[in-house]
**Student:** 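My questions will all concern the structure given below.
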Amino acid sequence: MSAVEEIRSQFPILSRKVGGKPLAYFDNAATSQRPHSVIDLQQAMTVQHNANIHRAVHTLSNEATELYEKGRKAVARFIGAESENNIVFTSGTTASINLVAACFVRGGFLKQGDKVVISYAEHHSNIVPWQLACQTVGASLEVVPVEKDGTVDLQRLEAALTPEVKILAITHVSNILGVVNPIAQITEIAHAKGIPVLIDGAQGIVHRKVDVQAIGCDFYVFSGHKIYAPTGIGVLYGTEEWLEKLPPFMGGGDMVAKVTFAHTTYAEVPLKFEAGTSNITGGACMAPAVEFAQSVLENGEMAENEHLLDGAMRRQLASVEGLTLAAAEAKERIPLYSFTIEGVHPFDAATLLDKMGFALRSGHMCAEPLVDSLSQTGMLRASLMPYNTLEEVERFGEALRRAVSMLR
Ligand code: PMP
């Protein structure tokens, strides 16, 4: 069995059919599928270990707590964090960014007249929380453009990092362009001016080995569901310095040390940021999910496979007349391809492709400012995972050509 077949065999959903055709799942940037190891633990958390965590002394609670904390430790190891105390579980990338933005306001780290810098290629999750934060205090948002190759314009970025800037929030990999930003270099540029950096790793964490200490960033955030785990669990990595100095986000159970009506003290980091009952199953499932991701990222055969898939996908896309691939000149990209086709509406193409078994994304893909600049009607996006095959990509080329000939 090849490495891809071996990986693929662990995802039961990939053997189902859609409209009588074999499913080719190409919407992985929206959410990935889950392997047996994750599905099995997800079920065991319900039928074996279901209890609330951190609060009781009974066996089930101890088991659930241990599994949830094991998930935290696995995430810390996976991203090279200093310790598991640098890992806050949230409900996803969106929640992690909202947490940091709100705590910047509440803690007085963002004030009237200050600025937040983001790039043009951000997902709505890394735009709107900062707009809300800026509106609350009377700060402003500065947006740095991207170059033709899809990476952020480093000269313009450096120029935008003025003394008023209190945080740079930037994507590791854009969910539209698929282009990998040089985040270590970007962090260095910001840090040279004393500006903290938050990296949106929702797409980057899936396809690149991340070492947060080597990058040097202050915050790195991602979602479990894009990296083999269930929905509703996400990660906020923060340096000890920042997690200690930020105030709590939400108040409630589990995030407290001592509560009186007059005065409350808070739990230690990271529980200070995990008010209420967490997504216990999701947290536990992060362990098998990131262990699976790690084994794929370390597999040389899979790196070669990504390269082959990229070549095949580009050939297939190039065979469609009038097709424009976003950031076609990218130096480094993940297997994510957003494109427009002259005379073809993306929704119509995606609907026809679905009938042929292909799951693709269409529209603005939660990055409206960027997509608007590339197209008036939205785009189509095919995003691959290590379980996608060359055969699927070739079959996709045929299906796309057929769909286009039907729609023109
Ligand atoms: N940032 C990027 C780059 C993304 O691709 C996504 C998901 N499409 C998000 C943020 C938001 O992730 P979630 O919806 O899981 O919070």
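Every number for a ligand or one of its atoms is a count from 1 in the order of the listing. Just so you know, these numbers come straight off a predicted model, no measurement behind them.
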**Student:** Between Lys70 and Glu66, is the closest basic N to carboxylate O distance under 4.0 Å?
**Tutor:** no
**Student:** Which part of Thr94 is near ligand 1, with near meaning a heavy atom under 4.0 Å away: side chain, backbone, both or neither?
**Tutor:** both
**Student:** Let me confirm one number: the CD1-OH distance from Ile215 to Tyr220, rounded to the nearest 0.5 Å.
**Tutor:** 6.0 Å
**Student:** Any heavy atom of Asn126 sitting closer than 4.0 Å to ligand 1?
**Tutor:**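 The answer is no, since Asn126 has no heavy atom less than 4.0 Å from ligand 1.
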**Student:** If I take atom CG from residue Leu297 and atom CD1 from residue Ile205, how far apart are they, to the nearest 0.5 angstrom?
**Tutor:**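 Separation between the atoms: 8.5 Å.
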**Student:** If I apply the N/O under 3.5 Å rule, does Lys226 come out as touching ligand 1?
**Tutor:**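 Yes.
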**Student:** Can you report which non-hydrogen protein atom sits closest to atom 5 (O) of ligand 1, along with the distance?
**Tutor:** Gln203 NE2, 2.6 Å
**Student:** Would you call Glu332-Arg208 a salt bridge at under 4.0 Å N-O?
**Tutor:**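 Yes, Glu332 and Arg208 are salt-bridged.
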**Student:** State yes or no: are the ring centers of Tyr237 and Trp242 separated by less than 6.0 Å?
**Tutor:** no
**Student:** Looking at Glu69 and Lys73, does any basic side-chain N land under 4.0 Å from a carboxylate oxygen?
**Tutor:**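 Result for this pair is no, no salt bridge flagged.
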**Student:** With heavy atoms of Ser223 as the reference, note each atom of ligand 1 found under 4.0 Å away.
**Tutor:**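 Going through ligand 1 atom by atom, the ones under 4.0 Å from Ser223 are 12 (O), 13 (P), 15 (O), 16 (O).
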**Student:** Please work out whether the ring planes of Tyr228 and Phe11 are parallel, tilted or perpendicular, with thresholds of 30° and 60°.
**Tutor:**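 Tilted.
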**Student:** Based purely on interatomic distance, does Ser125 place a nitrogen or oxygen under 3.5 Å from a nitrogen or oxygen of ligand 1?
**Tutor:**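 In fact, backbone or side chain, Ser125 has no N or O that close.
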**Student:** In the protein, what heavy atom is nearest to atom 3 (C) of ligand 1, and what distance, to one decimal place, separates them?
**Tutor:**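 Of the protein heavy atoms, Asp200 OD2, 3.5 Å lies nearest.
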**Student:** Give a yes/no on ligand 1: does His225 have at least one heavy atom closer than 4.0 angstrom to it?
**Tutor:** yes
**Student:** Return the residue, atom name and 0.1 Å-rounded distance of the protein heavy atom closest to atom 4 (C) of ligand 1.
**Tutor:** His123 CD2, 3.4 Å
